[in-house]
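Here the structure is laid out as structure tokens; the discussion comes afterwards.
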Amino acid sequence: MNIFRLAGDMTHLMSILVLLLKIYATKSCSVGFFDEFVDIFSSEIGISLKTQELYALVFLTRYLDLFTDFISVYNTVMKLVFIGSSLAIVWCMRMHRTVKRSYDRPLDTFRHYFLVAACFLLALLVHEKFTFQEIFWAFSIYLEAVAILPQLVLLQRSGNVDNLAGQYVFFLGAYRALYILNWIYRYFTEQHFSRWIACLSGLVQTALYADFFYYYFISWKNNSKLQLPA
């Protein structure tokens, strides 16, 4: 494992921890507060359940080899962490009595099932090997490239982004950017590097974050609240 892969994994893990911290600390997946006296929730913008469902599907289909192919303890632990945390987030947003009431369902209207269908069709057409496991691996790569779209659309509809939500999206984008460096490193150091599907999908995924990164940098530079053009 090279330093870029490790840094990418840790950044990805950091994004999940930030999101779990947001949900745990506020008992909410949205900016705002729950007023127990008037029994209403006041919020501005939140986390997209549809993006979280897509990520859960990504990890479940990518790690089908979890119990058949052992690579290392580190690899196995990370797979379990990503699967478990993604399912836990979806469960909280769907089932937790307080958290689910803060979910911005009227704003989170992106039709993510179209992404699932399109990515599965692409995986059937473009893959490295026509096997059950490899097709679902390709599907997970394609789906991860676009899984952030519902979240970006949700943030843009409000324009105002709270600190933890902004950091969550930033770390997700940084993780994929570090993985691009990992692939470049592997291309020059490995004789038979063949993960071109992951490389091209990673470039697409990173490009989707470009606009967010720009406004995130402006916010950091001016020490101001992160705002996206509505």
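For this chain, numbers begin at 1 and follow the sequence in order.
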How far apart are the C-alpha atoms of Asp9 and Tyr175, what are their side-chain angles, what is the distance that settles it, and do they pass the side chain to side chain donor-acceptor pair (under 3.5 Å) test?
CA-CA 7 Å; Asp9 286 346; Tyr175 135 71; over 6 Å; no
Which atom names give the shortest non-hydrogen contact between Gln133 and Thr68, and what distance separates them?
OE1-OG1, 4.3 Å
Say whether, by atom type as modelled, one donor and one acceptor occur between the side chain of Thr206 and the main chain of Leu203 under 3.5 angstrom.
no
Aromatic centroids of Trp196 and Tyr187 separated by under 6.0 Å:
yes
His127 and Phe139: aromatic ring centres closer than 6.0 Å?
no
Path from Phe59 to Tyr113 over hydrophobic side-chain contacts below 4.5 Å
no
Counting only heavy atoms from other residues, nucleotides and ligands, does the tally under 6.0 Å from CZ of Phe188 exceed 12?
no
Write down the atom of Val90, the atom of Ala56, and the distance for their closest heavy-atom approach.
CG2-CB, 4.3 Å
Step by step, would you call Phe170 with Phe213 a ring pair (Phe, Tyr, Trp, His ring centres under 6.0 Å)?
CA-CA 7 Å; Phe170 172 79; Phe213 279 151; 5.8 Å; yes
Met78 CE: over 12 foreign heavy atoms closer than 6.0 Å:
yes
Flag, side chain of Thr76 to backbone of Val73, donor-acceptor distance under 3.5 Å
no
Check for me, please, whether Val116 and Ile141 land in the same ILVMFWY cluster - side-chain distances under 4.5 Å, paths through other members count.
no
Are Phe136 and Phe132 close enough that their ring centers fall under 6.0 Å?
yes
Taking every heavy atom of Cys92 against every heavy atom of Ile23, the minimum-distance pair comes out as CB-CG2, 4.4 Å
Verify side chain to side chain donor-acceptor pair (under 3.5 Å) between Tyr179 and Arg5, making sure each step is shown before the conclusion.
CA-CA 6 Å; Tyr179 254 65; Arg5 165 75 183 275; 2.7 Å; yes
Looking at Tyr185, I'd like to know if its OH atom is crowded, meaning that more than 12 non-hydrogen atoms belonging to other residues, nucleotides or ligands lie closer than 6.0 Å.
no
Stepwise, does the side-chain contact (heavy atoms from CB on, under 4.5 Å) test hold for Ile197 with Trp137?
CA-CA 10 Å; Ile197 289 176; Trp137 178 85; 4.2 Å; yes
Is a side-chain donor or acceptor of Thr61 paired with a backbone partner of Val58 at a separation under 3.5 angstrom?
yes
Which heavy atom in Val146 sits nearest to a heavy atom in Leu208, and how many Å separate them?
CA-CD1, 4.2 Å
Would the Tyr142 and Phe120 ring centres measure less than 6.0 Å apart?
no
With ring centroids as reference points, do Tyr55 and His112 lie under 6.0 angstrom apart?
no
Fit a plane to each ring of Trp91 and His96, take the angle between them on a 0 to 90° scale, and name the class: parallel (under 30°), tilted (30 to 60°) or perpendicular (over 60°).
perpendicular
